Amino acid sequence: ESSGYGVRSYNGNSLDMPLLRALAQPFVELQPPGVTSESASSGDSLGITVHGGGRPIVVAWPQYLLGAPQVVSTCGVGSDYSSSTARLVLTPGAARSCTIIVKAANTTTPAPASA
């Protein structure tokens, strides 16, 4: 990248990994009403609280840095990860409240408390 602000070096042979880690954070892309989220300061997990489920939640996940996501929940949420789009679709059960943690598979995050 010739602008001087790129993540890839000018010759394309290397990446500015600290900059990439700062920019490539997981986030909730589609958050229906009744859903809140909070990312960890480490940038390797998301906490999601659902008050009445049933609608899909879409999480953008930086697989290049974190690998495939792991989902832990208090409600047995359905999950479908697409590595080609780097998107995780979570489907909580209808009319259920719960806590969901999406994390890098190589991290140790405690199980969520019941919602």
Side-chain angles (χ1 to χ4, degrees):
E1 297 176 28
S2 61
S3 68
Y5 295 102
V7 175
R8 186 171 297 281
S9 66
Y10 181 74
N11 65 8
N13 291 332
S14 64
L15 294 174
D16 182 343
M17 292 306 288
L19 178 59
L20 184 59
R21 281 187 195 92
L23 295 173
Q25 302 285 321
F27 65 93
V28 176
E29 184 176 277
L30 176 63
Q31 184 168 302
V35 174
T36 58
S37 63
E38 184 176 333
S39 61
S41 60
S42 61
D44 62 1
S45 66
L46 282 174
I48 301 170
T49 304
V50 179
H51 299 287
R55 293 185 175 165
I57 302 163
V58 178
V59 175
W61 188 260
Q63 179 179 336
Y64 180 79
L65 293 175
L66 301 178
Q70 179 180 12
V71 178
V72 180
S73 75
T74 60
C75 61
V77 65
S79 65
D80 182 34
Y81 180 65
S82 169
S83 60
S84 63
T85 62
R87 296 297 181 270
L88 171 68
V89 178
L90 302 169
T91 311
R96 293 188 69 182
S97 294
C98 70
T99 301
I100 304 166
I101 294 176
V102 182
K103 63 180 186 167
N106 61 350
T107 62
T108 54
T109 304
S114 296

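Counting from 1, the numbers follow the sequence of the chain as shown. Note: hydrogens, waters and symmetry copies are ignored here, and every other heavy atom, side chains too, is used. On a predicted model such as this, the values are computed, not experimentally measured, just so you know.
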TODO: Could you list all the disulfide (SG to SG under 2.5 Å) pairs where at least one residue sits in residues 23-80, not counting sequence neighbours?
DONE: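 As it turns out, the disulfide (SG to SG under 2.5 Å) pairs with a partner in residues 23-80, which skip direct neighbours, are C75-C98.
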Mind checking side-chain contact (heavy atoms from CB on, under 4.5 Å) for [X] and listing every partner two or more places apart, or none if nothing turns up?
X: Q31; answer: V28, V35, S37
X: P69; answer: W61, Y81, L88, V102
X: R55; answer: P32, P33
X: L65; answer: M17, L20, R21, A24

Task: salt bridge (Lys or Arg N to Asp or Glu O under 4.0 Å) partners of residues 59-85, not counting sequence neighbours, each pair once - done: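 Applying salt bridge (Lys or Arg N to Asp or Glu O under 4.0 Å) to every pair that reaches into residues 59-85, excluding sequence neighbours, yields nothing.
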TODO: Just grab all the salt bridge (Lys or Arg N to Asp or Glu O under 4.0 Å) pairs involving residues 58-77, residues at least two apart or on different chains.
DONE: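 Every pair satisfying salt bridge (Lys or Arg N to Asp or Glu O under 4.0 Å) with a residue in residues 58-77: there are none.
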Open item on the list: I'd like to check the side chain to side chain donor-acceptor pair (under 3.5 Å) partners of E29; sequence neighbours left out, ordered by chain and number.
Closed with: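 Counting only residues at least two positions away or on another chain, E29 forms a side chain to side chain donor-acceptor pair (under 3.5 Å) with R87.
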Task: Residue list, side chain to side chain donor-acceptor pair (under 3.5 Å) with T85, at least two apart or on another chain - done: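 S82.
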Open item on the list: So, applying side-chain contact (heavy atoms from CB on, under 4.5 Å) with I57, which one of L30, V89, V50 is it?
Closed with: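 It is V50, the one option of L30, V89, V50 that forms the side-chain contact (heavy atoms from CB on, under 4.5 Å) with I57.
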Nearest heavy atoms of [X] and [Y], plus distance in Å:
X: V71; Y: L90; answer: CG2-CD2, 3.9 Å
X: S83; Y: Q63; answer: CB-OE1, 3.1 Å
X: L46; Y: P26; answer: CD2-O, 3.8 Å

Open item on the list: Is the shortest side-chain heavy-atom distance between V59 and I48 below 4.5 Å?
Closed with: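 Yes. Closest side-chain heavy atoms under 4.5 Å.
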Open item on the list: Can a donor-acceptor pair be found, under 3.5 Å and without considering hydrogens, that links the side chain of T74 to the backbone of T99?
Closed with: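 Between the backbone of T99 and the side chain of T74 there is a qualifying donor-acceptor contact (under 3.5 Å).
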